[in-house]
Amino acid sequence: MATLSISRRLRRTPFSDGVEAAGVKGYTVYNHMLLPTVFRSVEEDYHHLKNAVQVWDVACERQVELRGPDAGRLMQMLTPRDLRGMLPGQCYYVPIVDETGGMLNDPVAVKLADDRWWISIADSDLLYWIKGIANGWRLDVLIDEPDVSPLAIQGPKSDDLMARVFGDGVRDIRFFRYGIFDFQGRDLVIARSGYSKQGGFEIYVEGGDIGMPLWNALFEAGRDLDVQAGCPNLIERIEGGLLSYGNDMTDDNTPHECGLGRFCNTQTAIGCIGRDALLRVAKEGPVQQIRAIAIEGDRVPPCDRWWPVTSRGKTVGRVSSAAWSPDFGTNVAIGMVRMTHWDEGTEVDIELPDGTRRAIVHEKFWT
Ligand code: THG
C-alpha cells in the first residue's frame, strides 16, 4: 500500500502531539484535518471503549460560529428542525439541507446565546454554504471558524474521569446539554454528547494553547481508571447506527431517507431552505431508507466503496459501512435499502469485491 503524504494543507490539531505519543496507528482525513482511526487495533479499541474511558482527538469536528443579530434566523434557515424552543445551554443534532432537501451535513448545533451559535460540523465544507446564504440574504451576522477543538471523553468511566479534572458538577450535565467549567483559568463549554453510545462528554477546547495541558491533565487524573487514547470506533458506531456523512449519506439523500425524520419539523421550521422540497418528499414518504444489515460469513474486508445490495440479481440498495462485531458475532453494516426490501428480516445478497454474501435487513440497530 502507498502512504498518504502529509503537508500543512492536512491540518494537525492541538492534540496531535499527544495522539502521536500514544502510538496512533492510523488516520483518516476529516474537514482537511487529521482524525485518528486506530490506536492498538480497531477491536482492542472497541473492547476498551465499552469497558473503561477514552480521550478522543475530534478537533476535526470544526465549529462554524454564527455571531450577530441575525444568527438565530440564519440557523433556522439552515435546518428543518424547529429551533424555537431551543435555549442557551442546549445542543441539537440538526440535519442541514440544500434547496432540494439534500443533506449537506449533520452537525450538532450548540446555542451559546440568542445571537451566538456553534455548528459542530461533519465532513463537508459547510462554512461556504453558510457564508453564501448570509451574503445572499444580506444578513447581519459574522461567520467564521473559531479556534475551538472538541476533545471527547467516552466510555462508562467518563463521569469519574471528568469529575477529577472539572469537579463533581460535570455529573449533573444532562444529555445534549452543556455547562461552562474552568480549566487553568479558562471557561470551557462541556456537553454530555459524543460519537458513541457508551456515554461521555465533549469538551469544546477554546484556544489551541491549552490543548496539550488539558490532554495531559486527563491522562494523569485517570491513571488508575485505565484511561487510553481512543477515537470514533468503526464497529461501535455501526452497532449504534451513528451515521457518517459522505459514507452513509450524501447530498443525494433527504433526512427522511437517512432515518433523520425525527429531527425534522418541516411544517413549523419556517424559513428553512429546502422546506418546500422536504414537504413534498415527506408527503410521499421516502422510497429508500437507512437500515442495519447483518452480513453472514466471516470478517468482511474494509468497506471503501459502496457494495451493491441485491435480490435475485437486481440492485435494491447499497452497503456503506461494515465491520465484524465481536460482541454480536456477526458482521454489522449500515446500508440504504429500497422500500421493497426494507422490512425487518428481509433476506438480501451483498456484492462484496471478493464475492456474494447473504445478509438480513433489520429495522433497528444493535445498541
Ligand atoms: N459531536 C460533535 N460534533 C460532531 C459529531 C459529534 N460533528 C461531526 C459528527 N459527529 C456529526 N454527526 C453526528 C452523528 C450523530 C450524533 C451526533 C453527531 C449523535 N446522535 C445520537 C443518536 O443518534 O443516537 C443522539 C441524537 C439526539 O438524540 O439528539 O450524537 O459526535 N460535537
Side-chain angles (χ1 to χ4, degrees), residues 13 28-37 49 54-65 78-83 85-86 89-97 103-112 117-127 130 145-146 148-155 158 173-178 188-206 230-234 236-250 253 255 258-265 289-292 320-321 334 364-367:
T13 87
T28 187
V29 180
Y30 195 99
N31 286 325
H32 316 277
M33 197 172 248
L34 290 171
L35 169 61
T37 54
L49 168 62
Q54 297 183 345
V55 178
W56 295 2
D57 173 2
V58 284
C60 66
E61 296 170 352
R62 302 312 295 164
Q63 307 306 301
V64 177
E65 178 166 316
L78 298 172
T79 180
R81 187 161 176 182
D82 190 335
L83 303 175
M86 188 176 181
Q90 292 188 302
C91 311
Y92 274 12
Y93 182 39
V94 288
I96 306 287
V97 302
M103 292 284 295
L104 294 179
N105 206 290
D106 67 329
V108 175
V110 181
K111 183 168 183 176
L112 300 165
W117 300 67
W118 283 338
I119 308 175
S120 185
I121 62 172
D123 186 23
S124 78
D125 292 319
L126 198 65
L127 182 74
I130 298 175
E145 183 185 299
V148 171
S149 295
L151 186 66
I153 312 302
Q154 300 285 297
S158 295
I173 304 171
R174 295 199 280 147
F175 187 61
F176 266 61
R177 304 288 177 114
Y178 71 81
L188 300 180
V189 169
I190 299 182
R192 191 180 289 276
S193 56
Y195 199 65
S196 88
K197 293 281 193 179
Q198 305 310 309
F201 301 87
E202 291 179 305
I203 310 166
Y204 290 82
V205 180
E206 203 168 350
C231 49
N233 183 273
L234 178 70
E236 197 273 345
R237 75 115 180 136
I238 296 173
E239 289 177 354
L242 295 173
L243 302 181
S244 169
Y245 186 77
N247 286 318
D248 303 318
M249 74 283 208
T250 71
N253 302 117
C258 302
L260 302 179
R262 66 184 186 283
F263 301 110
C264 297
N265 320 92
Q289 202 164 47
I290 287 284
R291 283 291 181 272
S320 46
S321 300
I334 298 176
K364 291 213 151 56
F365 282 87
W366 287 265
T367 56

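First listed ligand is number 1; within each ligand, the first listed atom is number 1.
Residue-level proximity to ligand 1 for Leu242 is carried by the side chain, the only part with a heavy atom below 4.0 angstrom. The backbone of Ile121, and not its side chain, has at least one atom closer than 4.0 Å to an atom of ligand 1 (non-hydrogen atoms only; backbone = N, CA, C, O).
Between Thr79 and Pro95 the shortest heavy-atom distance is OG1-O, 2.7 Å.
Atoms of ligand 1 found under 4.0 Å from any heavy atom of Tyr30, numbered from 1 in the order shown, are 8 (C), 9 (C). Shown in contact with Gly194 at under 4.0 Å from a heavy atom are these atoms of ligand 1, numbered in order with element: 30 (O), 31 (O).
At least one N/O-N/O distance between Lys197 and ligand 1 falls below 3.5 Å. The distance criterion of under 3.5 Å between nitrogen or oxygen atoms is not met by Tyr93 with respect to ligand 1.
When only non-hydrogen protein atoms are considered, atom 3 (N) of ligand 1 lies nearest to Ser120 OG, 2.7 Å. Nearest non-hydrogen protein atom to atom 25 (C) of ligand 1 is Phe175 CZ, 3.9 Å. The single protein non-hydrogen atom nearest to atom 10 (N) of ligand 1 is Glu61 OE2, 3.7 Å, given as residue, atom name and distance. Atom 30 (O) of ligand 1 has its closest protein heavy atom at Phe176 CZ, 3.6 Å.
Remark: distances from the non-hydrogen atoms of Tyr204 to ligand 1 include one below 4.0 Å. Under the 4.0 angstrom criterion for non-hydrogen atoms, Pro150 is not in contact with ligand 1.
No donor-acceptor distance shorter than 3.5 angstrom exists from the side chain of Tyr245 to the backbone of Ile121, with no hydrogens or angles considered.
Annotation: the span from Arg192 atom CZ to Cys91 atom SG amounts to 12.0 Å, rounded to 0.5 Å. With values rounded to the nearest 0.5 angstrom, Leu49 atom CG is found 8.5 Å from Ser158 atom OG.
In this comparison of Arg237, Gln154, Glu202, the heavy atom closest to atom 1 (N) of ligand 1 sits on Glu202. Among Thr367, Val110, Asp106, the residue whose heavy atom sits closest to atom 11 (C) of ligand 1 is Asp106. The residue among Phe365, Phe263, Tyr92, Trp118 with a heavy atom at the shortest distance from atom 29 (O) of ligand 1 is Phe263.
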Quiz prompt | Working for side-chain hydrogen bond (donor to acceptor under 3.5 Å, both in side chains), residues Gln198 and Glu236 | solution = CA-CA 9 Å; Gln198 305 310 309; Glu236 197 273 345; 2.7 Å; yes

Practice problem: Report the C-alpha distance between Ser196 and Gln154 in whole Å, list the side-chain angles of each, state the deciding distance to 0.1 Å, and finish with yes or no for side-chain hydrogen bond (donor to acceptor under 3.5 Å, both in side chains). | Solution: CA-CA 7 Å; Ser196 88; Gln154 300 285 297; 2.8 Å; yes

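We find that Asp248 and Arg237 are joined by a salt bridge, their nearest charged nitrogen and carboxylate oxygen being less than 4.0 Å apart.
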